Amino acid sequence: MITTIGVIGAGTMGSGIAQVAAQGGFDTLLLDINDDMLQKAKAGIQKNLQFLLDKQKITAAEKEIIFNRIRFINDIKDCIAEVIIEAIVEKPEAKIDLFNKLAQVNNNTTIFASNTSSLSISSIQSGIPCPARVVGMHFFNPAPLMKLVEVVQGDQTSDEVTQTIYALCKQLHKTPVLCKDAPGFIVNRVARHYYLEAMKLVEQGNASFENVDAIMEASGFKMGPFKLMDLIGMDVNLAVSQSVYEAFNKEERFKPSPLQIDKVAKNELGKKTGKGFYDYKN
Ligand code: NAI
């Protein structure tokens with residue numbers, strides 16, 4: 001039975017996933033190596049819960065209970081749970097190293113889920129002694145609002161683990177979709193061109209990024225590609241572009257854009273740094 005969910009990485013995704021877990025009634029551990037990120041996550045979750053209270057979606061008592069279900073931690077030895085979801089940097093070696101460390105302190109039934117946007121679950125699990133218990137659990141941004149979760153079964157993930165995670169998504173009031181471990185899974189493969197073609201238009205001087213966003217939003221998309229990239233984080237989006245490009249043997253249509261490479265080089269990562277394509281500093 002799952003009573004405790006561990007979430008590693010308290011950034012954009014991890015803080016949202018921890019909120020989802022706590023709202024779903026689970027004892028939740030949120031771990032980060034950076035104390036500033038933990039503080040930021042604490043404040044962000046409080047703000048989100050206050051918003052729900054203001055909208056009368058939860059009561060003041062529920063807000064307290066949900067928040068108190070989350071323990072903010074910085075020592076891996078304290079991260080003992082039945083399911084651990086990692087949302088750290090999009091680098092396979094970092095994720096493999098983390099899961100190996102977690103496997104040493106957890107028992108032999110703990111499930112290790114990766115929130116990776118684009119890395120192969122099969123290649124992550126091949127670096128871990130318990131590959132059958134490694135699975136993809138890809139939430140969307142912002143995690144507390146977006147219903148979809150791609151559940152990705154790697155070559156060695158057991159059916160039982162996949163089904164447990166699928167059922168857990170439902171308990172978390174999400175809509176799980178089973179996916180093959182193919183590059184970009186489903187959404188990031190299709191959405192790659194939403195970003196890449198938009199950046200090509202701007203690179204070639206055919207439109208401003210503001211106009212591209214305005215037109216896409218006027219035609220029914222909730223967010224234009226540039227606003228969406230700022231929300232996702234330029235570093236994360238570039239890492240996904242690079243990973244899908246590599247996985248498709250450098251097919252030209254998936255080639256990362258010089259615009260996004262330049263933004264990352266300037267540390268203009270979007271909302272999280274106060275500047276991306278747009279400015280977020282007041
Ligand atoms: P982020 O940069 O906002 O946060 C990453 C956090 O991980 C940072 O707080 C960092 O201090 C922490 N961290 C790094 N290494 C760590 C370690 N070894 N142990 C503990 N904490 C560590 O990144 P974001 O955007 O939350 O992305 C995280 C993962 O989620 C990536 O794999 C990304 O591809 C995926 N993802 C991102 C989405 C987005 O829209 N940003 C959407 C869906 C998935």
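Fair warning: this is a prediction, and the values are worked out from it, not measured in the lab. Throughout, residue positions are numbered sequentially from 1 according to the sequence presented. Remember, it's 1-based here, ligands and their atoms both numbered in the order they're listed.
Side-chain polar atoms of Q50 and Q46 form no donor-acceptor pair below 3.5 angstrom. R192 and S241 are linked by a side-chain donor-acceptor pair at a separation below 3.5 angstrom, with hydrogens and angles left out of the test.
In the hydrophobic clustering, I186 connects to F140, M146, L148, V177, V187, either directly or through intervening members, whenever side-chain heavy atoms lie under 4.5 Å apart.
When each of S114, S118, S243 is checked for a side chain to side chain donor-acceptor pair (under 3.5 Å) with E90, only S118 meets the rule.
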**Item:** CA sep, side-chain torsions, deciding dist, call: S126, Q156, side chain to side chain donor-acceptor pair (under 3.5 Å)
**Value:** CA-CA 8 Å; S126 67; Q156 299 184 69; 5.7 Å; no

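Under the 4.5 Å side-chain contact rule for hydrophobic residues, I232 and M199 share a cluster.
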List of N/O pairs, ligand 1 versus protein, all under 3.5 Å?
from: ligand 1; atom 1: 2 (O); to: K272; atom 2: NZ; distance (Å): 3.2
from: ligand 1; atom 1: 3 (O); to: T12; atom 2: N; distance (Å): 3.0
from: ligand 1; atom 1: 3 (O); to: T12; atom 2: OG1; distance (Å): 3.1
from: ligand 1; atom 1: 9 (O); to: D32; atom 2: OD2; distance (Å): 2.6
from: ligand 1; atom 1: 11 (O); to: D32; atom 2: OD1; distance (Å): 2.7
from: ligand 1; atom 1: 11 (O); to: D32; atom 2: OD2; distance (Å): 3.4
from: ligand 1; atom 1: 26 (O); to: T12; atom 2: N; distance (Å): 3.3
from: ligand 1; atom 1: 26 (O); to: M13; atom 2: N; distance (Å): 2.8
from: ligand 1; atom 1: 30 (O); to: N115; atom 2: ND2; distance (Å): 3.0
from: ligand 1; atom 1: 32 (O); to: I88; atom 2: O; distance (Å): 3.3
from: ligand 1; atom 1: 32 (O); to: E90; atom 2: OE1; distance (Å): 2.6
from: ligand 1; atom 1: 32 (O); to: K95; atom 2: NZ; distance (Å): 2.8
from: ligand 1; atom 1: 34 (O); to: E90; atom 2: OE1; distance (Å): 3.0
from: ligand 1; atom 1: 34 (O); to: S117; atom 2: OG; distance (Å): 2.7
from: ligand 1; atom 1: 36 (N); to: S117; atom 2: OG; distance (Å): 3.2
from: ligand 1; atom 1: 40 (O); to: N141; atom 2: ND2; distance (Å): 3.0
from: ligand 1; atom 1: 41 (N); to: I232; atom 2: O; distance (Å): 2.7

